[in-house]
J.: 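Right, I'll just put the structure down here and ask away after.
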Amino acid sequence: MRKLWHDKTGSVSILFFGFMFFLVLISILIMEMGAVYENYYDSETILLRCCNSAVEKEISDTYRADNILHLDVSAATADFKSYVTSDMPDKYTVKIKSITGTATPPTLTVTGTVTFSTLFQEYGFDDVSFDFTVKSTNYRTE
């Protein structure tokens with residue numbers, strides 16, 4: 001082994017540094033994919049929380065004692081949009097494609113796209129975009 005390290009051609013040293021560069025590159029790619037997954041999970045959690053909050057806030061309590069739940073869909077839609085603009089961090093761009101809801105049972109479904117940048121944006125790569133669908137339904141009459 002010592003003879004290989006002291007070889008005058010330098011082939012072992014070049015192979016060693018090439019292998020180390022490859023390992024560092026793979027490590028960086030794996031860490032960046034973990035960061036992308038974490039950003040997606042965070043944004044989807046915020047969107048789901050906004051959807052749940054909008055549904056819970058706009059359920060009419062007038063008929064709840066009679067086990068009837070009624071959702072003001074237009075107000076829930078407006079609340080969802082305001083929650084997203086106030087709660088979503090600036091690093092995410094949310095484009096809502098559709099918001100549908102039903103009054104009975106109280107349901108709100110939102111579809112759209114979440115876009116955020118990665119470390120590789122500095123090198124000319126595009127931002128990462130994910131489609132999302134969040135749905136909130138409330139059957140509780142308590």
Side-chain angles (χ1 to χ4, degrees), residues 1-2 4-7 9-142:
M1 187 70 177
R2 177 178 276 171
L4 286 175
W5 281 109
H6 295 294
D7 186 17
T9 61
S11 62
V12 174
S13 300
I14 292 172
L15 287 175
F16 177 74
F17 287 121
F19 182 68
M20 291 304 293
F21 176 75
F22 179 74
L23 284 177
V24 169
L25 182 66
I26 293 297
S27 299
I28 290 172
L29 287 174
I30 289 172
M31 286 187 287
E32 186 61 23
M33 287 307 298
V36 166
Y37 177 74
E38 185 178 337
N39 282 334
Y40 173 70
Y41 180 75
D42 288 345
S43 64
E44 192 172 46
T45 302
I46 293 168
L47 289 165
L48 187 57
R49 189 173 54 233
C50 292
C51 190
N52 287 338
S53 297
V55 168
E56 188 62 36
K57 181 180 176 197
E58 295 303 328
I59 289 178
S60 176
D61 287 332
T62 310
Y63 302 108
R64 200 174 271 210
D66 297 329
N67 293 335
I68 298 172
L69 297 174
H70 182 76
L71 176 68
D72 185 359
V73 177
S74 60
T77 301
D79 282 346
F80 176 80
K81 289 179 181 179
S82 70
Y83 290 152
V84 167
T85 55
S86 65
D87 292 349
M88 191 66 72
D90 292 335
K91 67 180 177 178
Y92 301 111
T93 303
V94 178
K95 292 182 182 170
I96 298 171
K97 292 179 185 172
S98 68
I99 299 177
T100 57
T102 59
T104 305
T107 303
L108 191 66
T109 304
V110 182
T111 60
T113 304
V114 175
T115 305
F116 52 89
S117 61
T118 64
L119 174 70
F120 299 112
Q121 181 189 18
E122 298 175 13
Y123 304 108
F125 289 93
D126 291 336
D127 293 341
V128 177
S129 295
F130 288 106
D131 293 333
F132 70 87
T133 300
V134 291
K135 181 177 182 180
S136 178
T137 304
N138 193 337
Y139 293 109
R140 290 189 330 192
T141 58
E142 305 159 353

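Note that the numbering runs from 1 along the sequence shown for the chain.
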J.: Can you see which heavy atom on A75 is nearest to which on E58, and at what distance?
T.: CB-OE1, 3.3 Å
J.: Measure the CG-CZ distance between N52 and F80 for me, rounded to the nearest 0.5 Å.
T.: 10.0 Å
J.: Nearest 0.5 Å please: distance from the CD atom of E38 over to the CE atom of M31.
T.: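 The CD atom of E38 sits 13.5 Å away from the CE atom of M31.
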J.: Are L47 and V114 side-chain neighbours, meaning at least one heavy-atom pair lies under 4.5 Å?
T.: yes
J.: Examine distances only and state if a side-chain atom of S82 and a backbone atom of D79 form a donor-acceptor pair shorter than 3.5 Å.
T.: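 Judged by distance alone, yes, a pair lies under 3.5 Å.
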J.: Of all the heavy-atom pairs spanning K135 and L48, show the shortest one and how long it is.
T.: O-CD1, 3.9 Å
J.: Between S74 and D72, is any side-chain donor less than 3.5 angstrom from a side-chain acceptor?
T.: yes
J.: Testing the 3.5 Å rule here: is there a donor-acceptor pair between the side chains of S129 and T115?
T.: yes
J.: Here's a test for you: under side-chain contact (heavy atoms from CB on, under 4.5 Å), which of I30, L23, I28 qualifies with I26?
T.: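 Looking at I30, L23, I28, the match for I26 under the side-chain contact (heavy atoms from CB on, under 4.5 Å) is I30.
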J.: Closest approach of T118 and E32, non-hydrogen atoms and distance?
T.: CB-OE2, 3.1 Å
J.: Does any N or O in the side chain of Y83 come within less than 3.5 Å of the main-chain N or O of I46, such that one atom is a donor and the other an acceptor?
T.: no
J.: Locate the shortest heavy-atom distance separating L69 from T104; write the atom from each residue and the value.
T.: O-OG1, 3.2 Å
J.: Do you know the tightest heavy-atom contact between C51 and L108?
T.: SG-O, 3.5 Å
J.: Could you give the distance from OH (Y37) to OH (Y41), rounded to the nearest 0.5 Å?
T.: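 Rounded to the nearest 0.5 Å, the OH-OH separation comes out at 7.0 Å.
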J.: Can you tell if the side chain of V94 reaches within under 4.5 Å of the side chain of F132, non-hydrogen atoms only?
T.: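 Result yes, sub-4.5 Å side-chain heavy-atom pair found.
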J.: Could you check whether atom CG of D126 has more than 12 heavy atoms from other residues, nucleotides or ligands sitting under 6.0 Å from it?
T.: no
J.: In Å, rounded to the nearest 0.5 Å, how long is the span from NZ of K95 to CG of D131?
T.: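 Reported to 0.5 Å precision, the distance equals 11.5 Å.
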J.: Taking the side chain as every heavy atom from C-beta outward, state whether F130 and N39 have any atom pair closer than 4.5 Å.
T.: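 Answer no - side chains too far apart.
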J.: Heavy-atom distance under 4.5 Å between the side chains of L71 and T107, does that happen here?
T.: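 No. Closest side-chain heavy atoms not under 4.5 Å.
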J.: Do you know the tightest heavy-atom contact between Y92 and D42?
T.: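 Taking every non-hydrogen atom into account, OH-CB, 3.6 Å.
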